[in-house]
Participant: 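Pasting a structure here, questions to come.
Keep in mind the model is a prediction, meaning the values are calculated, not measured. Heads up: numbering here begins at 1 and tracks the sequence.
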Amino acid sequence: MYSIVNTATIYGIDSKLISVEADISEGMPIFEMVGYLSSEVKEAKERVRAALKNAGYGLPIKRITVNLSPASIRKTGAGFDLPIAVAILSAIGVIECHELQTICLCGEISLDGKIQPINGVLSMAIEAKRNNLQILIVPKKNLLEARLVSDLITIGVEDISEVIEILNSGVYKTDESENPGFNEDEIFNEFDFSMINGQQALRRACEVAISGMHNMLMVGPPGAGKSMIAKCIPSILPVMDNEEQLELSKIYSVCGMFDERQGLIKYRPFRSPHHTVSAQGLVGGGHNPHPGEISLAHRGVLFLDELTEFNKGTLEILRQPLEDKQVHISRAAGSFTYPADFVLVAAMNPCSCGYYPDLNRCHCTRQSIQRYLSKISQPLLDRIDICVEAPTLNFNQISDKQENESSEAIRRRVIKCHSMQKSRYEAYGFKFNSQIPSGFIEKFCGLSKDNMNYMEAMYEKYNLTARTYHKVLRVARTIADMENSEEIQLNHLQEAICYRGLDKRYWEVVV
């Protein structure tokens, strides 16, 4: 007696279709499972055996062989319990269903036969649809998540007996009353730029950074408002389009952080890991690879507060993802690629005490300042487009009662700037000025002869590298877009150069 059912396993942030084969034959009574299985999958045979017994379906005293194919893919997670149980019940004749080849099942089974929720159902539903499967049976608590994928019959089940009844009846019907009621209201943001007094240069830098999706570093003494301003940045981020929402939702689903009651994630993420985060926690990985903070910040903002407190080796790992907008992880189980297209916003003090270069307040030695700043390498600085200073505010600036510009007003300008860039780059495979490839710099960031001479002088004065030179031009392109200018003007270049001069002020003075 033989049967086969379909399921899926998480592979990176995507899923791979898996065939679960069950064979019941004469011979020594044994329950054997093969197919490159992790320990939690191997344990499935004990969960399935007990669940079927407690549900009133004892296993026959025969040789039971279950194969999970293809064997080249490592199977992880507890989501194989349900398809293994269904494959065995079909092989022994308890389930008589002729549509199993069009059905995908996934779910964990407890010892009493209840179906428990699993992670990554959204990714599995997308894979099932891509392979032209028509029906998806998932745990009841994962039903809303599965229904985010259209044109697929999704059924939520609570126990193994319900699964048997559905498959034997051949009635696959979606209860419309169970459709999720998504919350379309705007999410309230606790922080708004209207709360920020003073710091006009920093406010401007934030708008430039988000308008072109540029990486930004804020340097200033303690209490200058760096962290608060960073927390205001989500309030000026545009809502994602459908493709971006689905991509981000898949990442959070795989990590078990997806709230299915809210539907697809509509708002760009803001991740702020503590400086004690490990390299694997930041970029992803582990024995069973999983996405890290940079992937959870995909299409949004990764905020690294107290940048110099992070482990230097951990920070250096960011160099490749900042360039490639994705991270590649190779393990014995395979090679995985996680998306990591985020805006890096970092904040740091200029020295250990926080007051350099104010020598009236800073008591650090030249050597201690050099050690402190050397925690941030030049190659990493080269990947940051905008460096801006956050000066200490005086009492009048703090207590000023004048009305500040709100985040909503800034956000409208950001959306207009993004729309302009997406239209310009529609035929080139990228969306924002920060992503302009080096080969297209001359096409989109061309300069007049006078401006070229100016940039030549700045290149020599600030000892720029080819990478930082291109970043200056990309930032200047963004500033020009913010002013609805087709050409990059001298004042745009001057402002962009100011954002590169700050790192030279700190890092080169102490060398």
Participant: List for me each residue that meets side chain to side chain donor-acceptor pair (under 3.5 Å) alongside Ser161, sequence neighbours excluded, and say none if there are none.
Facilitator: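 So Ser161 forms no side chain to side chain donor-acceptor pair (under 3.5 Å) with any residue.
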Participant: Should Met213 and Asn433 count as side-chain neighbours, where that means a heavy-atom distance under 4.5 Å?
Facilitator: no
Participant: Are side-chain N/O atoms of Asp305 and Ser227 paired as donor and acceptor at under 3.5 Å?
Facilitator: yes
Participant: Looking at Asp151 and Lys129, what are the two nearest heavy atoms and their distance?
Facilitator: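 So the minimum-distance heavy-atom pair works out to OD2-NZ, 3.9 Å.
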Participant: Can you tell me how far apart OG (Ser19) and CG (Leu17) are? Round to the nearest 0.5 Å.
Facilitator: 6.0 Å
Participant: Go through Asn67 and Ser69 one step at a time and tell me if the side chain to side chain donor-acceptor pair (under 3.5 Å) criterion holds.
Facilitator: CA-CA 6 Å; Asn67 176 45; Ser69 174; 4.7 Å; no
Participant: Within the 3.5 Å criterion, strictly below it, is a donor on Asn404 or Ser194 matched to an acceptor on the partner's side chain?
Facilitator: no
Participant: When you look at CD of Glu99, are more than 12 heavy atoms from neighbouring residues, nucleotides or ligands closer to it than 6.0 Å?
Facilitator: yes
Participant: Taking all heavy atoms of Met1 and all of Ile92, pick out the closest pair and write down the distance.
Facilitator: SD-CA, 4.2 Å
Participant: Do the ring planes of Phe336 and Tyr11 sit parallel (below 30°), tilted (30 to 60°) or perpendicular (above 60°)?
Facilitator: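 Judged by the thresholds at 30° and 60°, the geometry between Phe336 and Tyr11 is tilted.
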Participant: Taking the side chain as every heavy atom from C-beta outward, state whether Thr102 and Asn132 have any atom pair closer than 4.5 Å.
Facilitator: no
Participant: Would you check if the side chain of Ser123 reaches a backbone N or O of Gly120 as a donor-acceptor pair within less than 3.5 Å?
Facilitator: no
Participant: Can a salt bridge be assigned to the pair Arg413 and Glu405 using a cut-off of 4.0 Å between side-chain N and carboxylate O?
Facilitator: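 Counted as a salt bridge, because a side-chain N and a carboxylate O are separated by less than 4.0 Å.
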Participant: Do Ser90 side-chain atoms and Val86 backbone N/O form a donor-acceptor pair below 3.5 Å?
Facilitator: no
Participant: By side chain to side chain donor-acceptor pair (under 3.5 Å), which residues pair with Ser434, not counting sequence neighbours?
Facilitator: none
Participant: Do NZ/NE/NH1/NH2 and the carboxylate oxygens of Glu26 and Lys62 come within less than 4.0 Å?
Facilitator: yes
Participant: Quick check on side chain to side chain contact (heavy atoms under 4.5 Å, CB included): which of Thr154, Asn142, Ile155 does Leu136 satisfy it with?
Facilitator: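 Only match with Leu136 under side chain to side chain contact (heavy atoms under 4.5 Å, CB included): Thr154.
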Participant: Look at Asp14 together with Lys250 and state whether they make a salt bridge at an N to O cut-off of under 4.0 Å.
Facilitator: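 A salt bridge is present here (some side-chain N lies under 4.0 Å from a carboxylate O).
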Participant: For the residue pair Ser253 and Glu145, confirm or rule out a side-chain donor-acceptor distance under 3.5 Å.
Facilitator: yes
Participant: Can any side-chain N or O of Ser407 pair as donor or acceptor with the backbone N or O of Ser235 at less than 3.5 Å?
Facilitator: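 Checking the backbone N and O of Ser235 against the side chain of Ser407, no donor-acceptor pair under 3.5 Å is found.
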Participant: Just by modelled atom types, is the Leu296 backbone N or O under 3.5 Å from a matching donor or acceptor in the Tyr252 side chain?
Facilitator: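 Pair found, side chain donor or acceptor close to backbone of Leu296.
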Participant: Mind running side chain to side chain contact (heavy atoms under 4.5 Å, CB included) on Ile30 and Ile64 for me, showing each step along the way?
Facilitator: CA-CA 6 Å; Ile30 190 173; Ile64 302 174; over 6 Å; no
Participant: Give the intermediate values and the outcome of salt bridge (Lys or Arg N to Asp or Glu O under 4.0 Å) for residues Glu127 and Arg130.
Facilitator: CA-CA 5 Å; Glu127 181 67 10; Arg130 192 178 70 83; 2.9 Å; yes
Participant: State, with a plain yes or no, whether a side-chain heavy atom of Ile109 is found less than 4.5 Å away from one of Lys114.
Facilitator: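 Result no, sub-4.5 Å side-chain heavy-atom pair not found.
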Participant: Rounded to the nearest 0.5 Å, what separates atom CZ in Phe193 from atom SG in Cys206?
Facilitator: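 Atom-to-atom, Phe193:CZ and Cys206:SG are 4.5 Å apart.
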Participant: Is it true that a side-chain atom of Asp192 and a backbone atom of Met195 form a donor plus acceptor pair closer than 3.5 Å?
Facilitator: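 Between the backbone of Met195 and the side chain of Asp192 there is no qualifying donor-acceptor contact (under 3.5 Å).
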Participant: Flag the pair Arg268 and Glu244 as a salt bridge only when some basic side-chain nitrogen lies within less than 4.0 angstrom of an acidic carboxylate oxygen.
Facilitator: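 Judged by the 4.0 Å cut-off on N to carboxylate O distance, Arg268 and Glu244 do form a salt bridge.
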Participant: Are any side-chain N or O atoms of Gln421 and backbone N or O atoms of Cys417, one a donor and one an acceptor, separated by less than 3.5 Å?
Facilitator: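 Indeed, once roles are kept as given, a pair shorter than 3.5 Å links the two residues.
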Participant: State yes or no: are the ring centers of His418 and Phe432 separated by less than 6.0 Å?
Facilitator: yes
Participant: Begin with the C-alpha distance, continue with both residues' side-chain angles, and end with the deciding distance and a verdict on salt bridge (Lys or Arg N to Asp or Glu O under 4.0 Å) for Arg63 and Glu32.
Facilitator: CA-CA 8 Å; Arg63 182 182 183 88; Glu32 192 171 38; 3.1 Å; yes
Participant: Check the pair Glu247 / Arg299 against salt bridge (Lys or Arg N to Asp or Glu O under 4.0 Å), numbers first and verdict last.
Facilitator: CA-CA 9 Å; Glu247 186 178 25; Arg299 304 296 186 187; 3.3 Å; yes
Participant: Judged by atom type as modelled, is there a donor-acceptor pair below 3.5 Å linking the side chain of Ser249 to the main-chain atoms of Gln245?
Facilitator: yes
Participant: Under the rule for side chain to side chain donor-acceptor pair (under 3.5 Å), what residues qualify as partners of Glu309, not counting sequence neighbours?
Facilitator: none
Participant: Regarding Glu40 and Ser38, do their side chains bring together a donor and an acceptor under 3.5 Å, going by distance alone?
Facilitator: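 A donor-acceptor contact under 3.5 Å links the two side chains.
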Participant: Are the side chains of Arg411 and Val239 in touch, meaning some heavy atoms are under 4.5 Å apart?
Facilitator: yes
Participant: Donor-acceptor pair, distance only, cut-off 3.5 Å: does the side chain of Arg271 make one with the backbone of Gly300?
Facilitator: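 Such a contact is absent between Arg271 side chain and Gly300 backbone.
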Participant: For the atom pair CG (Leu105) and OG1 (Thr7), what is the distance rounded to the nearest 0.5 Å?
Facilitator: 7.0 Å
Participant: Would Ser335 and His328 count as a side chain to side chain donor-acceptor pair (under 3.5 Å) here? Give the steps.
Facilitator: CA-CA 7 Å; Ser335 296; His328 305 280; over 6 Å; no
Participant: Please round to the nearest 0.5 Å and tell me the distance separating atom CG of Leu248 and atom CE of Met240.
Facilitator: 4.5 Å
Participant: Is there a donor-acceptor contact under 3.5 Å linking the side chains of Tyr338 and Gln326?
Facilitator: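 Tyr338 vs Gln326: no donor-acceptor pair found between side chains.
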Participant: Ignoring hydrogens and geometry, is there a side-chain-to-backbone donor-acceptor pair from Ser3 to Ala87 under 3.5 Å?
Facilitator: yes
Participant: With rounding to the nearest 0.5 angstrom, report the CD1 to CG distance, Ile265 to Leu148.
Facilitator: 10.0 Å
Participant: Determine, using ring centers only, whether Tyr425 and Phe444 are less than 6.0 Å apart.
Facilitator: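 Yes, the ring centres sit under 6.0 Å apart.
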Participant: For Val254 and Pro291, work out which heavy atoms get closest and say how close.
Facilitator: CG1-CD, 4.3 Å
Participant: Salt bridge or not for Arg319 and Glu323, using N-O below 4.0 Å?
Facilitator: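 No.
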Participant: List the steps and the verdict of side chain to side chain contact (heavy atoms under 4.5 Å, CB included) for Leu304 and Leu315.
Facilitator: CA-CA 10 Å; Leu304 301 184; Leu315 288 180; 3.9 Å; yes
Participant: Just by distance, do the side chain of Ser423 and the backbone of Ser419 share a donor-acceptor pair under 3.5 Å?
Facilitator: no
Participant: Carefully, step by step, assess Asn131 and Asn6 under the rule side chain to side chain contact (heavy atoms under 4.5 Å, CB included).
Facilitator: CA-CA 11 Å; Asn131 285 273; Asn6 298 306; over 6 Å; no
Participant: Quick one: closest heavy-atom pair of Arg49 and Leu59, and the distance?
Facilitator: CG-CD1, 3.8 Å
Participant: Any chance you could lay out the side chain to side chain contact (heavy atoms under 4.5 Å, CB included) test for Met218 and Met216, step after step, and finish with the verdict?
Facilitator: CA-CA 7 Å; Met218 297 179 283; Met216 183 174 75; 4.1 Å; yes
Participant: Tell me, do Leu302 and Phe270 make a side-chain contact under 4.5 Å, heavy atoms counted?
Facilitator: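 No. Closest side-chain heavy atoms not under 4.5 Å.
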Participant: Cut-off 3.5 Å, side chains only: do Gln435 and Asp341 have a donor facing an acceptor?
Facilitator: yes
Participant: Measure the CD-CG distance between Glu486 and Asp481 for me, rounded to the nearest 0.5 Å.
Facilitator: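 Answer rounded to 0.5 Å: 8.0 Å.
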